[in-house]
Amino acid sequence: MHDELKQAIITYAVRLGDDALILGHRISEWVSHGPFLEEDIAQGNVALDFIGRSRMYYTYAADLTGNDKTEDDFAFLRSEREFQNHLINELPRGDFAYSTARQLMLDVYHSHYLSALMNSKDKTLAAIAAKGVKETRYHLRRSTDWVLRLGDGTEESHQRLQSAVDDIWGYTNELFEHDLLEQNLIKAEIAVDASLFKDQWLAEVSEILTAATLKVPATEWAVRGGREGYHTENLGHLLTELQHVHRCYPNSQW
Amino acid sequence: MSVENLELFEVFIRSARGLDHKHVGSLHAVNREQALEYARDCYTRRSEGVSIWVVKSGDICASQEDDSDCFFDPSDDKPYRHATYYPLPKEVNNM
């Protein structure tokens with residue numbers, strides 16, 4: 001493989017791994033804090049789907065890198081500025097409505113993204129996507145149910161979910177942007193061009209929000225920076241917890 | 001949302017094609033659809049199933065401990081209801 005192309009694929013795989021790991025960690029924060037036992041277990045399952053996906057992306061990046069690099073190096077031994085996840089993933093878990101709103105926006109996004117990634121010329125990325133697309137179908141079923149239930153629920157649940165949607169909305173914009181590295185991979189038919197399904201994403205999210213009696217926010221602001229390593233103040237705190245054990249006991253096995 | 005507002009469901013899992021659904025436990029959920037999803041999350045995490053049934057616990061009419069005497073004891077002295085009660089004629093081999 002052309003060396004420059006290989007480096008780009010490594011970065012791309014790590015980025016997708018970052019998205020999955022950071023979101024998975026955020027969802028895992030619900031474990032033992034769920035509203036009731038069954039939902040608590042369900043949240044744990046979803047978190048594990050994302051953490052599992054991050055492992056596959058990181059392992060692939062590590063294999064391409066060589067030099068005995070492992071998935072752990074990417075997950076545990078990089079600092080905040082080196083993570084390149086989209087900012088929406090690192091936003092705090094907030095209340096249940098907040099996590100639910102984020103999950104809906106991302107589940108709809110992932111359903112398109114992974115379907116497209118299945119057609120990647122990179123066979124490993126395509127295989128990871130094929131596995132993820134099934135998981136996503138279930139995640140979306142859950143998040144749609146919850147948005148309908150909370151949006152069209154009590155006055156309080158409606159109001160909480162609406163303000164969560166409003167707060168998160170501006171973070172969805174960067175999901176559809178691509179820097180030069182990704183543009184080159186898109187040309188090589190390896191990466192996904194998310195801008196192609198932005199309208200469809202908006203239509204689908206809007207349909208669910210409307211059915212849940214919620215207002216679709218107008219796009220009045222947008223934040224970007226994740227893919228460049230510029231993060232919100234939340235990521236540092238998250239990484240402290242995520243990496244704490246590994247950094248205290250490097251290379252320990254259990 | 002608290003557990004008091006939720007309904008109780010019984011969960012039945014078929015572990016493989018051709019086998020019967022077996023009762024595996026119960027769970028709380030808002031409605032049947034959510035119960036099915038939670039059954040998937042709580043009872044098939046280790047690939048235990050290929051099919052799930054959920055039934056509202058209240059919809060199950062169950063025999064009671066007190067019924068045992070009149071329900072089950074009367075069959076204790078009716079061995080002729082078992083096939084093994086009847087000696088097979090020699091002509092019938094390998095039944």
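These figures come from a predicted structure and were not determined experimentally. Each chain gets a letter, A, B and so on, in the order its sequence line appears, and its residues count up from 1.
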Quiz item: Which of residues 68-77 of chain B get closer than 4.5 angstrom to chain A, counting heavy atoms alone?
Solution: none

Quiz item: Would F197(A) and Y109(A) count as a close aromatic pair, with their ring centres under 6.0 Å?
Solution: yes

Quiz item: Looking only at side chains, do E10(B) and H23(B) share a donor and an acceptor under 3.5 Å apart?
Solution: yes

Quiz item: Can the positive tip of R55(A) be found less than 6.0 Å from the middle of the six-membered ring of Y58(A), inside 45° of the ring normal?
Solution: no

Quiz item: Got more than 12 heavy atoms from elsewhere within 6.0 Å of CZ, R247(A)?
Solution: yes

Exercise. Check R102(A) against I88(A) and note the closest heavy-atom contact, atom names and distance.
Key: NH1-O, 2.9 Å

Quiz item: Can you say whether Y138(A) sits under 4.5 Å from chain B via the side chain, the backbone, both, or neither, judging by heavy atoms?
Solution: side chain

Quiz item: Does anything in residues 43-67 of chain B pair up under ring-ring contact (aromatic ring centres under 6.0 Å, His included), and if so which pairs, sequence neighbours excluded?
Solution: H21(B)-W53(B)

